[in-house]
There are 2 protein chains.
Amino acid sequence: MSAKLAQKIKRLRKEQNLTQIKLAKKAGIAQSFLSNIENDLQSPSLKNLEKISKALDISLPDLLK
Amino acid sequence: MSAKLAQKIKRLRKEQNLTQIKLAKKAGIAQSFLSNIENDLQSPSLKNLEKISKALDISLPDLLK
DNA sequence: CTGTAGACTGAGGTCGACG
DNA sequence: CCGTCGACCTCAGTCTACA
């Protein structure tokens, strides 16, 4: 669906030297779920997107651009 | 959770003279579900938010601002 | 026209393990 | 460190109906 979002999350995570486990923990979601999101296999809910954007220190609208 | 989004959707819908049924149909979702979203009783998925933003002729990031 | 309710299905999401 | 798999459970989202 939205493959760009997946790539952006992965890119931002790596730029901040975070592992999937660290980011997942920071965002309060499961690592396996984060992996699925980064590979565009699952479409997260608004709630979880907000958590992820906060964990990446970026606003939700910006994350979706 | 995000009450502002709910209000914004309702506002934009009315500005475009759409009923819940019309907008729901245009977005491909159920009217009862749209009602719940507009009253902040349910948190939609990314997928459905995209559908709604398109039906309202607004970009998803802008809808979330 | 809208809010709400009940009953239902499928997707979102967890946890743990492993190559 | 990451991708994936299976078992599991919650909730998003459906439809129909009604005040």
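Every chain is numbered from 1, with letters handed out A, B, ... down the list of sequences.
At least one side-chain heavy atom of E38(A) sits under 4.5 Å from a side-chain heavy atom of R13(A). No side-chain heavy atom of L34(A) sits less than 4.5 Å from a side-chain heavy atom of I21(A).
With a cutoff of under 4.0 Å to any heavy atom of chain A, the contacted region of DNA chain C is bounded 5' to 3' by dG12(C) to dG16(C).
L46(A) has its CG atom 16 Å from the P atom of dC11(D), to the nearest Å. Whole-Å rounding puts the K22(A) NZ to dC1(D) P distance at 7 Å. K47(A) places its NZ atom 11 Å from the P atom of dG13(D), with the value rounded to the nearest Å. When rounded to the nearest whole Å, the span between CD1 of I9(A) and C1' of dC2(D) equals 16 Å.
Judged purely by atom type and a 3.5 angstrom limit, N39(B) uses its side chain to pair as donor or acceptor with the backbone of S35(B). Of the possible donor and acceptor atoms, none in the side chain of K51(B) sits under 3.5 Å from a partner among the backbone N and O of A27(B). Between the K22(B) side chain and the N17(B) main chain, no donor and acceptor come within less than 3.5 Å of each other.
Other residues, nucleotides and ligands place more than 12 heavy atoms under 6.0 Å from the NZ atom of K8(A). More than 12 heavy atoms of other shown residues, nucleotides or ligands fall within 6.0 angstrom of atom NZ in K10(A).
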task: List the steps, then state whether salt bridge (Lys or Arg N to Asp or Glu O under 4.0 Å) holds for R11(B) with E15(B).
output: CA-CA 6 Å; R11(B) 211 196 68 226; E15(B) 284 178 5; 3.2 Å; yes

Do any N or O atoms of the protein come closer than 3.5 Å to N or O atoms of nucleotides 3-5 of chain D, and which pairs are they?
from, atom 1, to, atom 2, distance (Å)
dG3(D), OP1, N39(A), ND2, 3.3
dG3(D), OP2, Q20(A), OE1, 3.4
dG3(D), OP2, Q20(A), NE2, 2.3
dG3(D), OP2, S35(A), OG, 3.1
dG3(D), N7, Q31(A), NE2, 3.3

